[in-house]
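Take a look at the structure below.
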Amino acid sequence: MASLAAQCPTPAWRHAPHQLAAPFLKMAAAAFSRAGVGAAPLLAATYVLDDANGLGREFDGIGAVSGGGATSRLLVNYPEPYRSEILDYLFKPNFGASLHILKVEIGGDAQSTDGTEPSHMHYENDENYFRGYEWWLMKEAKKRNPKIKLIGLPWAFPGWIGKGENWPYDYPDITAYYIVSWILGAKQYHDLDIDYIGIWNERAFSSKYIKLLRYTLDKHGLEQVRIIASDRLWEPISFVMMIDSELHGVVDVIGAHYPGTKTVKNALLTGKKLWSSEDYSTFNNDVGAGCWARILNQNYVNGNMTATIAWNLVASYYEELPFGRCALMTAQEPWSGHYKVESPIWITAHTTQFTRPGWSYLQVDGHLEGGGSFVALTDGLGNLTIIIETMSHNHSKCIRPPLPNFNVVPQRATFYLKGSFRILTSGAWVFCQLVVNFCSLSFLQLQVWRGRFSLDLDVDEVYTLTTLKTGWKCGYPEPPPPQPFPSIYSDDFNIRNPPFSEAPNFADQTGVFEYFVNASDAGDHVFTLRQVVVQRPITWVSDADQTISVIGNFKWVNMTVTCDIYIEKPRDGGVFIAGRVDNGGIYVRDSKGVFFWVFADGTYRVTSDLGKQFFAKGHAGLAGVRDNAWHTLTLNIQGNSASGLLNGYPLWENVTISKPGNGWAALGTRSFEFAQFDNFHIEAC
């Protein structure tokens with residue numbers, strides 16, 4: 001194997017261009033030869049870069065979201081060195097994406113797009129600041145970049161906060177206490193300083209709650225934590241802030257989601273920082289990279305937004321869940337170690353490796369005459385970075401909102417340096433071309449003559465010009481090749497001090513399944529997996545009424561699933577194992593498959609969904625099914641037939657099934673109730 005040390009070329013003063021489509025794979029010199037003999041004249045325009053009359057808004061950075069939800073679920077299970085390599089590509093300065101901001105979900109025990117994330121307070125008198133993986137991820141980000149900014153935002157809340165209602169604002173003091181406890185726990189247990197806190201992702205806000213949250217933060221010595229509102233649309237938060245001076249005083253950033261590079265008048269009139277606090281959410285091929293390149297520039301050019309945050313950070317969840325691979329890079333195979341550094345990583349680098357939060361945008365229109373855009377930023381100390389994108393319509397469609405038609409043509413852009421930048425007009429700038437996946441590098445000199453320099457810009461390119469001498473094309477040896485999920489897989493959950501609260505590869509879709517020490521068991525079931533959410537949460541989407549966690553290969557057709565189960569809830573408690581489960585995430589209520597249930601009252605059922613459509617039902621009492629006792633369930637699915645065993649003896653057999661034809665394995669409970677699982681085993685194909 002080649003050395004695991006990062007492979008980096010000599011530092012470049014210029015980064016240009018990152019080209020997205022195969023026809024544009026060329027040496028850097030080709031980008032400057034469009035007006036050669038016999039070529040049609042290029043559209044030409046001049047753009048003035050001048051700071052004499054002051055600067056534009058302060059740049060706050062580029063970031064990404066982990067959560068909303070469970071998007072980093074599989075990342076934690078990667079073996080070394082691959083897990084550290086992935087983290088380096090995301091967070092290490094001057095290496096890959098070099099992110100400035102990390103936004104994480106404050107777990108609320110509920111479905112939040114691709115799974116559930118556990119709360120630090122499942123119950124009112126319960127506090128545990130080691131659940132889940134967001135604490136770990138924030139620490140890993142800080143380890144690589146101590147200056148990275150951290151944001152926390154809830155998608156859902158544990159049910160006890162609403163006291164039975166699906167609403168977090170009836171008792172705002174309780175909600176504020178819950179959120180502030182998360183911030184205090186981050187510092188006390190992980191030495192993490194949270195920089196910004198949000199309200200409720202893409203749901204209604206309460207002015208009363210926001211004011212009380214500010215008061216509670218200050219009361220606990222957290223004056224430095226800033227508030228972002230409302231992580232939805234520009235309105236009505238901007239209008240309400242205009243008429244409510246107290247609310248205006250406590251909100252530091254107006255954050256909008258998927259703004260389409262546009263803002264609104266009221267948001268500008270507030271004088272607050274404007275962020276695209278969630279954006280992108282697009283499949284991470286070259287079109288997704290084009291989407292990302294376009295909005296990184298145009299969110300400021302069109303909308304005065306000084307930070308853009310991608311959903312999501314890394315696609316570390318089963319690809320068949322909603323929004324598969326809608327991330328900056330892909331890492332969804334911890335069992336093989338395979339991951340892929342996708343094009344959006346390098347698009348991000350065009351900005352992040354050559355700017356810093358705290359720099360300022362120049363006051364310039366930023367629209368190119370031939371289509372596309374540019375931004376110019378300075379540190380105020382003589383450094384200047386210019387990022388240019390010429391993304392075409394079809395190569396830059398984001399998943400949302402709809403993109404109006406526009407045209408981009410090859411063009412010649414001349415930049416005229418004035419103000420303090422006149423000191424740059426002698427000598428030469430050097431820059432480095434980046435092609436798709438950095439597969440080609442070359443260094444050219446760009447002469448600045450009498451305060452001017454010109455670039456011939458092709459379509460679907462990104463250029464970065466900078467006075468900084470940082471910026472690296474870095475990488476590791478190729479990771480292992482992709483492999484499907486193992487067809488034979490077992491987990492006995494026998495881990496005394498697990499590094500994470502959840503068992504590897506299980507993806508909770510409703511409820512939370514955690515490692516558990518069963519101190520009352522003197523036999524073989526001391527270490528188990530336990531479902532721990534016993535009250536329906538304040539949900540973000542329509543969670544199922546049953547809890548469920550999926551695992552495996554979505555393409556599995558034939559399988560045998562075996563698991564020891566322990567019903568804790570008397571009388572009406574129940575559990576299931578399942579195969580060919582075809583849905584999850586925000587669509588979990590619609591999951592179909594083959595579900596084998598047993599209940600505390602001694603009955604059993606076989607259903608094609610989460611409890612509504614029956615294949616078969618009967619009484620298992622003669623076999624001894626009851627609560628607070630261990631039993632072994634086996635589900636066998638072969639072709640169009642399924643059968644089930646209880647404690648090794650046939651309970652039902654030859655049930656005919658037609659669809660779905662493939663899907664994951666799963667386990668779960670009848671309701672939000674305690675139940676335990678052990679010795680999970682699957683053989684599939």
Side-chain angles (χ1 to χ4, degrees), residues 1-2 4 64 66-67 69-91 96-97 113-115 117 132-134 136-137 140 282-285 288 311-345 437 475-491 498-500 502-509 513 549-557 559 561 579-585 662-666 680-685:
M1 177 180 285
L4 294 177
S66 171
T71 53
S72 303
R73 176 66 190 92
L74 299 175
L75 175 61
V76 297
N77 307 137
Y78 265 80
E80 294 294 351
Y82 311 116
R83 188 172 72 176
S84 290
E85 292 173 5
I86 295 164
L87 293 166
D88 285 348
Y89 279 118
L90 295 169
F91 301 119
T113 298
D114 289 299
E117 297 204 23
Y133 35 84
E134 304 296 3
W136 166 83
L137 185 62
E140 292 294 328
T282 300
F283 192 78
N284 58 18
N285 57 11
W311 189 91
N312 63 76
L313 176 73
V314 55
S316 282
Y317 48 98
Y318 293 116
E319 187 170 337
E320 294 82 5
L321 288 167
F323 305 101
R325 282 185 53 190
C326 290
L328 298 183
M329 66 179 291
T330 303
Q332 58 193 20
E333 289 189 18
W335 48 87
S336 72
H338 178 76
Y339 64 86
K340 188 175 181 182
V341 183
E342 310 282 4
S343 300
I345 288 289
N437 294 328
Y476 290 106
E478 283 294 310
Q483 296 288 338
F485 193 94
S487 58
I488 300 176
Y489 183 84
S490 297
D491 196 336
F500 298 98
E502 298 161 293
N505 303 319
F506 282 92
D508 302 347
Q509 301 302 307
F513 296 75
S549 186
V550 302
I551 188 171
N553 186 339
F554 188 77
K555 297 179 180 179
W556 280 343
V557 175
M559 66 186 78
V561 183
R580 292 190 187 175
V581 177
D582 70 347
N583 238 323
N662 57 275
W664 297 292
F680 178 85
H681 180 81
I682 187 165
E683 297 185 16
C685 61

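Computed from a predicted structure; not experimentally measured. One is the number of the first residue; the rest follow in order along the sequence.
- With rounding to the nearest 0.5 Å, the separation of CH2 in W136 from CZ in R83 is 4.5 Å.
- In terms of heavy atoms, P344 sits closest to N285 at CD-O, 4.5 Å.
- With rounding to the nearest 0.5 angstrom, the CH2 atom of W556 is 10.5 Å from the CD atom of E683.
- Residues F554 and V581 approach most closely at CE1-O, 3.8 Å, considering heavy atoms.
- At distances below 3.5 Å, at least one donor-acceptor pair connects side-chain atoms of H338 with backbone N or O atoms of P480.
- In terms of heavy atoms, A315 sits closest to A327 at N-CB, 3.2 Å.
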Discussion item. Pair Y339, Q332 - check side chain to side chain contact (heavy atoms under 4.5 Å, CB included), show working.
Written reply: CA-CA 7 Å; Y339 64 86; Q332 58 193 20; over 6 Å; no
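- Within the model, atoms CG of L321 and CD of Q509 stand 5.0 Å from one another, a figure rounded to the nearest 0.5 Å.
- E319 contributes atom CD, which lies 9.5 Å from atom SG of C326 (distance to the nearest 0.5 angstrom).
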Discussion item. Pair T71, V314 - check side chain to side chain contact (heavy atoms under 4.5 Å, CB included), show working.
Written reply: CA-CA 7 Å; T71 53; V314 55; over 6 Å; no
Fill in: From CA spacing to verdict: side chain to side chain contact (heavy atoms under 4.5 Å, CB included), Y476, V341
CA-CA 10 Å; Y476 290 106; V341 183; over 6 Å; no
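- Atom CG of N505 is separated from atom CZ of R73 by 7.5 Å, given to the nearest 0.5 angstrom.
- Distance check: Y317 OH to T330 OG1 gives 8.0 Å after rounding to the nearest 0.5 Å.
- Using cut-offs of 30° and 60° on the angle between ring planes, the pair Y318 and W664 is tilted.
- Scanning both residues, N662 and D582, for their nearest heavy atoms gives O-CB, 4.3 Å.
- At least one side-chain heavy atom of F323 sits under 4.5 Å from a side-chain heavy atom of T113.
- When ring centroids are compared, Y489 and W335 stay outside the 6.0 Å threshold.
- The two residues Y89 and G475 make their nearest non-hydrogen contact at OH-CA, 3.2 Å.
- R325 has a carboxylate O that lies under 4.0 Å from a charged side-chain N of E342, or vice versa, which qualifies the two as a salt bridge.
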Fill in: Residues I345, L90; criterion side chain to side chain contact (heavy atoms under 4.5 Å, CB included); working and verdict
CA-CA 8 Å; I345 288 289; L90 295 169; 4.0 Å; yes
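- The closest donor-acceptor contact from the side chain of S316 to the backbone of A331 lies under 3.5 Å.
- Considering every non-hydrogen atom in both F91 and L137, the closest pair reads CE1-CD1, 4.0 Å.
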